[in-house]
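A short worksheet on the structure shown next.
Per chain, numbering begins at 1; letters A, B, ... match sequence-line order. Just so you know, these numbers use all the heavy atoms, side chains as well, and skip hydrogens, waters and symmetry mates. For clarity, every value in this text was computed on a predicted model and none was experimentally measured.
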Amino acid sequence: MSRFEPREIEPKWQTAWEAAGTFTARRDETRPKYYVLEMFPYPSGRIHMGHVRNYTMGDVIARYKSSCGFSVLHPMGWDAFGMPAENAAMERGGHPKAWTYGNIADMRAQMKPLGLSIDWSREFATCDPEYYGQQQAMFIDMLDAGLVYRKNAVVNWDPVDMTVLANEQVEDGRGWRSGALVERRELTQWFFKISDFSEELLEALDGLDDWPEKVKLMQRNWIGKSRGLQMAFSLIDGPGGHDRIEVYTTRPDTLMGASFVGISPDHPLAKQLETQDEKVAAFCAECRKGGTTEEAIETAEKLGYDTGLRVRHPFDTAWELPVYIANFILMDYGTGAIFGCPAHDQRDLDFARKYGLPVTDTFVALEGGKPVENEAFVPPKTEKVRWVKGFAGPEIQTGEEAIDAAIRFCEENGVGHGVTKFRLRDWGLSRQRYWGCPIPVVHCEACGVVPEKKENLPVRLPDDVSFDKPGNPLDRHPTWRDCACPECGGKALRETDTMDTFVDSSWYYARFTAPRAATPTDAAEVEYWMNVDQYIGGIEHAILHLLYSRFFARAMHLTGHLPKKAIEPFNALFTQGMVTHEIYLTRDENNRPVYHLPEDVERREDGVCLKATGEKVEVIPSAKMSKSKKNVVDPVNIIESFGADTARWFVLSDSPPERDVEWTAAGAEAAYKHLARVWRMANEIAGASGEGEGDEDLLRAMHKAIHDVTMGIESFGFNTSVAKLYAFTNTLQKSKAGAAARKQAMKVMAQLMAPMTPHLSEEIWALLGGEGLVANAPWPKADAAMLVEDTVTLPIQINGKRRSEISVPKDMPKEEVEKLALADDAVVKALAGGQPKKLIVVPGRIINVVI
RNA sequence: GCCCGCGUGGUGGAAUGGUAGACACAGGGGACUUAAAAUCCCUAGGCAUAGCGCCGUGCCGGUUCGAGUCCGGCCGCGGGCACCA
């Protein structure tokens, strides 16, 4: 018998699949379709274990569904625009295009040996002009449909490099290259009107039954529907025609506890004061320092500036409140102005204590209610509390009831009106960068902003650009901007903003259904293939990518590019965990960590050492694989030494798919050993002959395995499927059954393993004389009659603790079971002649005797 | 700071509210071998132990005949926070 040689069998079967066109997706109206999609990768140049895990999971589903008779679409492409290509060009010279396409070629070459059942004929990259040209066509349609507009918005501005920075490029409030303090600056930007769909995107979440609850919850909170009161405080002696401040509050019930009014530094009133008062200007400038992220704003020290202006309380004209400019109030949300009620909001309380403002309780706990000191009293809105400064509704009511009553009261008395607001902001898609999809509009002095004619698409990126200076190369290109106005034919300039890469990834799933179509989509193809039946990707995309895709599908429907049924493009979503690894480090003379690759390290009896020098290394618990920590395992090395099936088997085993999996060398070796064992077993069984004992038992185990493995795959419990396959292997190995039964069992084993270890399975299938390719064989069905056990073992608990067990026929009536249980030695002893207080018999499960 | 998850032996993990630790890794013991590798078999949560037993799913409390699972509070770790993809 020869050895298990993945290096020989894997390329052999990959060639066979390719020759047979096994994975080419075919639109076959006579069969049900199944569309499996994994989030496509950014072409960094190297695949990593996270990719292997992600794509293997999708591959298991794709191969399994194919065996179940579905016409499967399982495509692959590249999310190819983005900053890293420009960074590479800046750091190492070269061109983003060459870098990106080079990386794609490298990664494709690394992925192919995995033996994924991908229809490579549909491959595309988002930086292909054929793709982004169609995206530009849709942009124009959406512009016509009123789904796109321009407005001012803030960006991170690096005042030294004179360029816009991504949030990632801001470190501790400073530009990553210049080190300059970043400022928030306003620019005119393009926006998608996603906020028009706030209600719709929120409500439609309820229909996404096969999405994880946590993702739906995150999206709900992100959209952030709230009902509140919009009202005005009248301003005393306001400057420049400002006679009122509109505020929005979700807690109008606390209006009697108000102690100040706060406005955003970007509020029109603040801007007015800025022009009149140097101190205000200095304060507002201070507020604009730092990055634009919500995190930066929320964690910054809360600062306020007393404008000296006063407003009147709407219920008492003698009651005046100070007006502060505060750095934590966002102009984007609500009206850009609030009233602060320190007793019931921690941030307002901190602010009030800092600036010596009054703290007035409006409600207290029903029992033991104490006045607020340094901790705001913020009970759940569903909890009943006692109002000590209420103005609407009964003295004792919940926050919810009080809010409703307050809104009603205010409306009746002409103080504001109830409004519904959403946290979701419009999607700013402008990027002041080169390596992205050009926004296909031109700026004409006569006609203004005009969309490019569709026949002139794609608006291509110019190749002759340089990255020696910061900023957008499109801006400083000598000729690219020059064009003729599509309307008047006069001289015009192209828009130099490109699109956010989230636009690229918001419709690629639709393009895969007809990747070469001359229009963005093909009606017949999207009708057949949409929706994506199973989408798989990282939890880090739970909000933005998935929400944008849901919006984009709706926008594509409104512009005629997708059918109504596809407005929720992903029927089922699965979010997989990361691949992690231990981190190895030594210390340099300054005690700074020096990281080491796993392959440079070995385990010895006395600990973990460097292979080269024997120096001891510190081992830090597993973390996400990252280049900087050097805790990376290159899939290419694993495939070369153990084969793709081993890598696939390992990433599926042990950890549940939604959780992180820790890569260990020992685990990979164990996976290889197991596959080699299965291979040897298949060879032995292929040569076996004659009768044996226990055929029935083996076939029962086989049907159990079919049932369990199938359930595992159906429920994304690949690790439990793998465990069942281990168990079935153990059973088969120990079985003394006859050759025919063992051959049958082994063939089923090959089929059950085929989605996970397709190459080995083909080899075994062929060895045992299976017909055709196992990839084309129908999925085995478990015989229900073979799954039924005749007797069951019932544990007996006494007061909830397991003390004994009895074996009874499966269908024994409850009364009989009770009698047997009461006759059990342990029970008799525990009862000591007395009667049980309670006797619980759960048929087929458990008996509990309460004494 | 805000939103969302996760936490079970030495390790990865299993477990429709019903026998906690399936399956595997590392470990221990044995078989085979001149020897090693490979392979095969046995063992294995902790404490105590001849045995009976007691404790145990991050911590504290609750619901239940029964809680890893449900509820409340804490601690720790991870993801997201709108220009990383």
Side-chain angles (χ1 to χ4, degrees), chain A residues 39 41-42 44 79 81-84 153 155-156 164-170 189 194 212-215 217-222 224 291-300 302 328 332 346-347 423-433 500-502 504-505 538-545 547-548 575 577-578 580 603 621-624 653-656 658-662 664 666-667 669-671 673-674 676-677 680 717 719-720 722-727 729-730 733 793-797 799-805 836-840 842 844-851:
Chain A
M39 291 179 185
Y42 179 80
S44 62
D79 189 14
F81 275 135
M83 288 202 310
V155 294
N156 300 307
V164 177
L165 299 178
N167 288 333
E168 189 190 48
Q169 297 171 318
V170 179
Q189 311 247 65
I194 189 172
E213 280 305 322
K214 62 177 171 184
V215 173
L217 189 55
M218 281 190 259
Q219 293 213 353
R220 275 188 199 107
N221 291 338
W222 186 262
T292 57
T293 65
E294 193 177 310
E295 185 189 5
I297 292 162
E298 290 282 322
T299 55
K302 306 291 177 283
F328 57 87
D332 283 330
Q346 190 62 42
R347 191 168 59 184
R423 204 185 76 101
L424 180 64
R425 307 201 293 261
D426 277 333
W427 173 8
L429 70 121
S430 285
R431 296 294 179 269
Q432 293 72 39
R433 272 182 249 291
D500 178 8
T501 56
F502 274 126
D504 311 337
S505 55
I539 186 69
E540 66 272 22
H541 295 294
I543 296 174
L544 293 180
H545 162 61
L547 191 60
Y548 289 157
T575 55
M578 298 178 298
T580 63
R603 270 171 205 281
S622 270
K624 181 178 180 171
S653 60
D654 285 0
S655 287
E658 66 276 16
R659 247 197 269 175
D660 294 350
V661 63
E662 181 178 4
T664 62
E669 193 136 335
K673 281 183 187 174
H674 178 74
R677 179 177 165 219
R680 279 195 308 275
N719 56 323
T720 55
V722 166
K724 302 295 182 188
L725 284 164
Y726 270 107
T729 307
N730 292 340
Q733 183 139 39
T793 303
L794 292 181
I796 299 177
Q797 292 183 338
N799 289 340
K801 286 184 187 264
R802 183 185 171 282
R803 292 296 145 164
S804 180
E805 63 180 36
K837 271 193 201 153
K838 205 167 177 182
L839 183 59
I840 294 145
V842 184
R845 273 286 170 203
I846 205 164
I847 300 157
N848 193 8
V849 186
V850 185
I851 292 168

Legend entry - Base-paired stems in RNA chain B, each at least three Watson-Crick or G-U pairs under 3.5 Å: B:1-7 with B:75-81, B:10-12 with B:23-25, B:27-31 with B:39-43, B:45-47 with B:53-55, B:58-62 with B:70-74

Given [options], identify the nucleotide with an atom nearest to the side chain of [X].
| X | options | value |
| --- | --- | --- |
| Asn719(A) | rA82(B), rA14(B), rG5(B) | rA14(B) |
| Val155(A) | rC83(B), rG12(B), rG18(B) | rC83(B) |
| Glu805(A) | rC84(B), rG12(B), rU19(B) | rU19(B) |
| Thr720(A) | rA14(B), rC84(B), rC65(B) | rA14(B) |
| Thr299(A) | rG5(B), rG1(B), rA85(B) | rG1(B) |
| Lys214(A) | rG18(B), rC65(B), rC4(B) | rC4(B) |
| Arg680(A) | rU39(B), rC55(B), rU16(B) | rU39(B) |
| Leu424(A) | rC4(B), rA14(B), rA82(B) | rA82(B) |
| Ala723(A) | rA85(B), rA22(B), rC83(B) | rA22(B) |

Legend entry - Interatomic distance at P, rC2(B) relative to rU63(B), whole Å: 30 Å

Inset, instruction - Using the C1' atoms only, state how far rU64(B) lies from rG9(B), rounded to an integer number of Å. - result: 28 Å

Inset, instruction - Ignoring backbone atoms, test whether Arg659(A) places a side-chain nitrogen or oxygen under 4.0 Å from the OP1 or OP2 oxygen of rG7(B). - result: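 It does, given that an N or O in the side chain of Arg659(A) lies less than 4.0 Å from OP1 or OP2 of rG7(B).
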
Looking at every strand, decide which applies to [X] at a 4.0 Å heavy-atom threshold: base, sugar-phosphate, or nothing.
| X | result |
| --- | --- |
| Gln189(A) | base |
| Phe328(A) | nothing |
| Ile297(A) | nothing |
| Trp427(A) | nothing |

Legend entry - Glycosidic class, syn or anti, of rG51(B) using a 90° window around 0: anti

Inset, instruction - Kindly indicate whether the side chain of Arg845(A) and the base of rU19(B) share any N or O donor-acceptor pair separated by less than 3.5 Å? - result: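 It does not, because no donor-acceptor pair links the side chain of Arg845(A) to the base of rU19(B) below 3.5 Å.
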
Inset, instruction - Send over the distance from Asn799(A) CG to rG53(B) C1', rounded to a whole Å. - result: 17 Å

